[in-house]
Amino acid sequence: MTDEQEESRGWFAARKGVWSRLRFTSLRLRLVVVFGLVALTAAVSASGIAYWLNREAVLKRTQDAVLRDFEQEMQNRAGLLPQEPTQDELQHTAGQMANSSQRFSVLLVARDADGKTVFGSSGGLDGFTLAQVPESLRTAVNDKQEINSSNKSEYHLYWQRIVDGDTPYLVAGTRVIGGGPTGYMLKPLDQEAKDLNSLAWSLGIATGLALIGSALLAQAAATTVLKPVHRLGVAAGRLGEGKLDTRLRVSGTDELADLSRTFNNAAEALEKRVADMAARDEASRRFVADMSHELRTPLTAITAVTEVLEEELEAESGSMDPMIEPAVRLVVSETRRLNDLVENLMEVTRFDAGTARLVLDDVDIADQITACIDARAWLDAVDLDAERGIMARLDPRRLDVILANLIGNALKHGGSPVRVTIREADDSIVIDVRDHGPGIPEDVLPHVFDRFYKASASRPRSEGSGLGLSIALENAHIHGGEITAANSPEGGAVFTLRLPRDASELTGQPDGDEGKGTDTAKKGDA
């Protein structure tokens, strides 16, 4: 592998690890987000309420002091002016009023002896002007009210907060009680605005710190809660891998501890159940193997006798009594079937025990199929479409078992002619066995490779044992191959055998010698 491939592989592994951690921490992230949202909501609410309360307190304190001072100045200084003051008098009085402790700008408005409106501003000609006073405020100040028991004066003090540019102002106005000029006051609130901005920044920083603290607290809480959950997930994964002795360390008396105890109890029960099942399975396999071996000895003697009887049946002397001839033929047939069943059971036992091994050799596939067909006298019923010279490293005996079962099954349950086709695909050899029968029913297709499965329940005593195709599939698997069954669109069933060109590369099994074995499918057992 090149350096670029190694680097690419490492990048993908790192990316996969990041996504894996993200998937694992999704609950952690949700906890942090929820904690953060709660803390943010609480902090923003508290900060908003605190800011609003402090803002109102600061502005009201400043506003009350300014309005009180302005009202007092209006009574003490503007109230001493004549009914028809001159502009100089207004200007001088406005200057005096502006020098009060609150330092606000003053504008006085009155009519002189000629009936002309005159103005006096504390800032001179460029000072506070009437244009800076909102129209609504001027209207309210000059609105003469009726005197009654609840209203002791004709004119009242009115005020309003405005913003000119970026600077907030407090503007107020009133008329002198008993007659006199109208006075307006303009007080900048920039210092109060700075104080409130500082307060807002402080509350914002406090909110941010509260959010960070809540995130850290959520992280700590999530770690405390999710660490046992993570351990449980790891333990469940190990249990799923077959490590049934996996247990969790239990500490505490909370719900997570109860969950760990429940997991340990479940794992212990599962381990015991699996051990019991394995023991029963092992006993069953041992029973089948022992039974098959025990049956071979009497079967050997019975087979020898049936061969003698079969020779008598085939003799031309006619020495066999016609009355017992059908019984003899039945004994010969059933003895052969019993012998095949025992051999099949022994083969299945080897697969289940994991003792089946390959004896690999270089095989010409076409020659192997021809030999299989010729040995069973199927030459007239099978068409072979294969080029010679297609080589593969396989176990010849097990390949013969596979082919005998597939072709024999096609001849027995399908229809002649049976066509066998060989093709090459990448590093594999593909062999198709197709018949011209009615095909396989759809409800049967998923079960054709099941042991002892027979499509017709009404004929349980057919010639086959129901093990042939399952043995063929096991032989394909031990090569690292596969067999599939399907129905051809042109009619009939198609069994497809796919085998590697070199079984030793896929199975990792070196050449070995399991022994000659026995042909387990001489009659194409289905």
Side-chain angles (χ1 to χ4, degrees), residues 6 8-46 206-289 348-356 450-451 474 477 507-509:
E6 286 285 353
S8 176
R9 183 176 180 182
W11 183 82
F12 280 112
R15 187 179 181 87
K16 183 177 180 182
V18 170
W19 281 109
S20 176
R21 287 193 296 273
L22 285 178
R23 285 195 298 271
F24 166 70
T25 57
S26 60
L27 181 58
R28 183 190 303 272
L29 291 177
R30 288 198 294 270
L31 286 173
V32 172
V33 168
V34 169
F35 268 75
L37 289 176
V38 172
L40 182 62
T41 303
V44 168
S45 300
T207 301
L209 292 176
L211 184 60
I212 295 174
S214 67
L216 295 176
L217 181 62
Q219 176 73 11
T223 301
T224 303
V225 173
L226 295 180
K227 191 173 182 180
V229 176
H230 174 60
R231 288 201 299 265
L232 180 61
V234 173
R238 291 171 58 85
L239 200 65
E241 294 172 357
K243 300 174 182 178
L244 302 181
D245 58 342
T246 302
R247 298 293 185 272
L248 288 173
R249 181 173 57 84
V250 180
S251 59
T253 58
D254 56 6
E255 289 80 358
L256 292 175
D258 293 339
L259 181 61
S260 299
R261 292 188 187 92
T262 303
F263 175 85
N264 289 341
N265 294 335
E268 184 177 357
L270 180 62
E271 183 179 20
K272 185 177 183 302
R273 180 68 61 86
V274 170
D276 293 342
M277 292 176 63
R280 286 196 295 269
D281 189 51
E282 178 63 27
S284 177
R285 285 199 302 267
R286 191 182 304 111
F287 171 76
V288 173
V348 167
T349 302
R350 282 193 288 270
F351 283 122
D352 289 345
T355 59
D450 293 350
R451 293 178 183 178
E474 293 289 351
H477 286 170
T507 62
Q509 179 180 313

Would you tabulate the side-chain donor-acceptor contacts of residues 236-245 under 3.5 Å, counting partners in other chains and residues two or more places apart, or write 'none'?
none

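Here side chain to side chain donor-acceptor pair (under 3.5 Å) pairs that include residues 257-267, with residues two or more places apart or in two chains, are Asp258-Arg261.
Looking at residues two or more places apart in sequence or on another chain, you find a side chain to side chain donor-acceptor pair (under 3.5 Å) between Arg247 and Glu271. Partners of Asp450 by side chain to side chain donor-acceptor pair (under 3.5 Å), not counting sequence neighbours, listed by chain and number: His447. For Glu268, there are no salt bridge (charged side-chain N to carboxylate O under 4.0 Å, His left out) partners at least two apart in sequence or on another chain. The side chain to side chain donor-acceptor pair (under 3.5 Å) test applied to Thr207 returns Ser47, not counting sequence neighbours.
Considering all non-hydrogen atoms of both residues, Phe263 and Leu248 come closest at CD2-CD1, 3.6 Å.
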